[in-house]
Amino acid sequence: MTIDATAKGKDFIRQSILSDLSEGKNESRVFTRFPPEPNGYLHIGHAQSICLNYGIASEFQGRCYLRFDDTNPTKESEDYVDAIKQDVLWLGFNWQEHLTHASDYFEDFYNCAMQLIEDGNAYIDSQTADEIKSSRGTLNAPGAESPYRNRSVAENQGLFERMRSGEFEEGENVLRAKIDMSAANINLRDPVLYRILHAEHQRTAGQWCIYPLYDFAHTVSDAIEGITHSLCTLEFEDHRPLYEWILDHLTLPHRPRQIEFSRLNLEHTITSKRKLSELVEKGLVEGWNDPRMPTISGMRRRGYPASAIRDFCKRVGVTKKEKSIQIAQLENSVRQELDNNSPRAMAVIKPLKVVIDNYPEDQIESLAANNHPKNQAMGTRTLPFSKEIYIEENDFMEDPPAKFFRLKPGGEVRLRFGYIIKCEEVIKDNNGDILEIHCSYDPDTKSGSGTSKRKVKGTIHWVSAKQCVSATLRLYSTLLSAANPKSISDLNEESLTVVKNAALEENLAHASPGDRFQFERTGYFVVDENSLQGEELVFNRIVTLRDSWAKMQKT
RNA sequence: UGGGGUGUAGCCAAGGGGUAAGGCAACGGGUUUUGAUCCCGUGAUUCGCAGGUUCGAAUCCUGCCACCCCAGCCA
């Protein structure tokens, strides 16, 4: 495999990598990294970053590190680490031996900090957090220098050593870079590099009580690992000058380059770890992997194939423009994948009994059905047909509108893979509610028999009343009503509809968790991961089929 | 009113002086024993706006406008 060196049509990041390569930078290496903080679950936005970083590494024959950015022990935990690894693997990417943690470099960070101190580029500030905050200035006014800014190198060294050895309380001292309190870019106004945190770290336990902040730890980690292109989101654009400053003032083995791209926003969803965890904590969803969540684990449980998520990220592209992608875009990727690879099955969501009066009382006939209309390799299965069947309640209308191609009084319809039936009588209870439909069937119209030239406009799905299995169906729609939700306050009340006693063809009785099917004419469904075999089957609706009839009805 | 960014169709997105790719959506039509899939067709006299340079500008220059981000000892 060789590197595709044409820049045409590629996103701006790949174009600049190509240009760096053509200039002979980084000994022709391309190293990237995906650096999640283990303080929550990965979501669709992370998926884009994962696809970008691992995609680039593989296209350029480089490597991509999975680096846990674990510099804040008060917010992080090892539980998230496992979930994150699982999600990356499931998405189809592998870090191989390049699994690292910022905490692997704590000693290096400390030495780098000492180097800054020795060179007079950093100092210990003994102001309180409030004092630091109020002397930082504002967007329009410069900040004021700390009274501790000109401590001697020796004093700073001593203080920093004492910070490390645990002599101070949290907040008593911090290490600050000595840059420029009047810089227009606030990140350059003597940013804090290290703070004291008497907290147990998930990996280094009680070994440290000082922890580096993002800008310092992230930059040095990139340089240590030899990352050539450090890709992050737009909000870090302002931090790039600090990133460069750190690289400029330290002796490091490599010189990474930071490039920023816009984050992926999806309509009707929220991708903020804070808000997602709020949904979880308030019990508004089942958990991080609730099928309505935009988390990778949620989408996995919902039944979205990993390949569909990758395809979606690829179609959406990488730019610096703020984007808000329509759900239809994601659903398109999901449907495309599922249409190709899902075996078909018949399932009646809301059963309505149909009795075929002229069909022999105890006869059960086996009908052959293709598992996929185009892919013969997916084989066939057998469907039992008998006198009593269930059809979808909304496939019958007593007084239908024009162009209703389904069952109506006196009308005919084809049963998928079966016969043409005609509605002879509608049986109702005292309230006028429909109890069952009586039909006749035409024995000469059996599917595939070739004896019938007759055609009817409509074909509906069905299930044999005695030979079917009952299941619970969970029908999902967006969690939030607003297209661009700002908070989790406008929850969609109908984001989950639970349907009990749906009637499925009996072949589905032994489906296993994770198995995906297209229920013909209704949608794609997956067996929920908690669905127990032998007990009630639970299916999650992944996505509906496109429905031009429903669309017609609306207009 | 400081600094950093971004503006091409409803949503994404190519295009980087030679006369607006593609995808999603929408809308028409065809095929169909899934109103699915599939196939065909329909959109920008114009690229945030206004000037300028040029034979020629979405692309270069100037000015303006709109929107986003930044004042954590979070990442």
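In what follows, every chain begins at residue 1, and chains take the letters A, B, ... in the order their sequences are listed.
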Is a donor-acceptor pair below 3.5 Å formed from side chain A/Lys320 to base B/rU6, judging by atom type as modelled?
no
Using the C1' atom as the point on both nucleotides, what is the distance between B/rG5 and B/rG10, in whole Å?
25 Å
Determine whether more than 12 heavy atoms belonging to other residues, nucleotides or ligands lie under 6.0 Å from atom CD of A/Glu23.
yes
Considering only heavy atoms and no angle criterion, is a donor-acceptor pair shorter than 3.5 Å present between the side chain of A/Arg546 and the base of B/rU37?
no
Whichever of A/Val318 and A/Asn140 has the more 5' nearest nucleotide on RNA chain B, that residue is A/Asn140
Could you tell me how far B/rG7 sits from B/rG48 if I compare only their C1' atoms? Round to whole Å.
6 Å
Taken to the nearest whole Å, CZ/A/Arg263 to C1'/B/rG5 is 15 Å
Using whole Å, what does the distance between atom C1' of nucleotide B/rG16 and atom CZ of A/Phe12 come to?
15 Å
Expressed in whole Å, how much space separates the C1' atoms belonging to B/rG43 and B/rA25?
12 Å
Can you tell me if A/Lys551 touches the phosphate of B/rG35, counting only side-chain N or O atoms and a distance under 4.0 Å to OP1 or OP2?
no
With both distances under 3.5 Å as the test, what is the Watson-Crick or G-U wobble partner of B/rA14?
none
May I ask you to verify whether the side chain of A/Arg521 and the base of B/rU34 hold a donor-acceptor pair under 3.5 Å?
no
Give a yes/no answer on whether the side chain of A/Thr319 brings an N or O atom under 4.0 Å of OP1 or OP2 in B/rA13.
yes
Same-atom distance (P) from B/rA13 to B/rU46, integer angstrom:
23 Å
Under 4.0 Å, counting only non-hydrogen atoms across every strand here, what does A/Phe417 touch: a base, just sugar-phosphate, or nothing?
base
What is the ring orientation for A/Tyr214 with A/His218, classed by angle as parallel under 30°, tilted 30 to 60°, or perpendicular over 60°?
parallel
Check this for me, if you would: do A/Asp547 and A/Lys551 make a salt bridge, where the nitrogen-to-carboxylate-oxygen distance has to be below 4.0 angstrom?
no
Which part of the nucleic acid, if any, lies within contact of A/Phe312, taking any heavy atom under 4.0 Å across all strands shown: a base, the sugar-phosphate backbone alone, or nothing?
nothing
Considering every strand and a 4.0 Å limit on heavy-atom distances, what is the contact class for A/Arg240: base, sugar-phosphate, or nothing?
nothing
Return yes if the base of B/rG35 and the side-chain atoms of A/Arg406 contain a donor-acceptor N/O pair under 3.5 Å, otherwise no.
yes
For nucleotides 67-75 of chain B, give me one character per nucleotide, 5' to 3': B if any protein heavy atom sits under 4.0 Å from the base, S if the only such contacts are to the sugar-phosphate, - if neither.
-SBBBSBSB
Side-chain atoms of A/Arg315 come closest, of B/rU34, B/rC24, B/rA26, to B/rC24
Atom CZ of A/Arg541 and atom P of B/rA36 are separated, to the nearest Å, by 17 Å
Side-chain N or O of A/Gln15 closer than 4.0 Å to phosphate OP1/OP2 of B/rG15:
yes
Taking only the C1' atom of each, what is the distance from B/rA21 to B/rC12 in whole angstrom?
14 Å
As its Watson-Crick or G-U partner within any shown strand, both distances under 3.5 Å, B/rC73 has none
Distance check: side-chain N/O of A/Ser548 vs OP1/OP2 of B/rA36, anything under 4.0 Å?
yes
Let me spell it out: for each of A/Arg335 and A/Pro373, pick the nucleotide of RNA chain B with the closest heavy atom. Which residue's pick is nearer the 5' end?
A/Arg335
NZ/NE/NH1/NH2 to OD/OE distance under 4.0 Å, A/Arg33 and A/Glu225:
no
Atom-to-atom span, CG of A/Asn484 to P of B/rC12 - whole angstrom
9 Å
How many whole angstroms separate atom CG of A/Asn265 from atom C1' of B/rA13?
16 Å
Quote, to the nearest angstrom, the C1' distance that separates B/rC47 from B/rU8.
4 Å
Partner nucleotide of B/rC67 by Watson-Crick or wobble geometry (both distances under 3.5 Å):
B/rG5
Find the distance A/Arg414:CZ to B/rU33:P and express it as a whole number of Å.
9 Å
Atom NZ of A/Lys323 to atom P of B/rG23: distance rounded to whole Å?
18 Å
Which whole number of Å gives the distance between the C1' atom of B/rU59 and that of B/rG17?
6 Å
A/Tyr419 vs A/Phe385 aromatic rings, parallel, tilted or perpendicular, using cut-offs 30° and 60°?
tilted
More than 12 heavy atoms from other groups under 6.0 Å of NZ on A/Lys422
no
Do the side-chain N or O atoms of A/Lys8 get closer than 4.0 angstrom to the phosphate oxygens (OP1, OP2) of B/rA21?
no
A/Glu278 and A/Arg274: salt bridge (charged side-chain N to carboxylate O under 4.0 Å, His left out), yes or no, with the steps?
CA-CA 6 Å; A/Glu278 196 181 336; A/Arg274 226 203 88 247; 3.6 Å; yes
How far, in whole Å, is B/rC68 from B/rC11 if one measures between their P atoms?
16 Å
Ring-plane angle category for A/Phe109 and A/Tyr105, please: parallel below 30°, perpendicular beyond 60°, tilted otherwise.
perpendicular
Would the distance check show the side chain of A/Gln15 and the main-chain N or O of A/Ala7 forming a donor-acceptor pair, the cut-off being under 3.5 Å?
yes
B/rU42: pairing nucleotide in any strand, Watson-Crick or G-U under 3.5 angstrom
B/rA26
What I want to find out is whether A/Glu237 reaches A/Lys320 closely enough, with some N-O distance under 4.0 Å, to be called a salt bridge.
yes
To the nearest angstrom, the NZ-P distance between A/Lys10 and B/rA21 comes to 22 Å
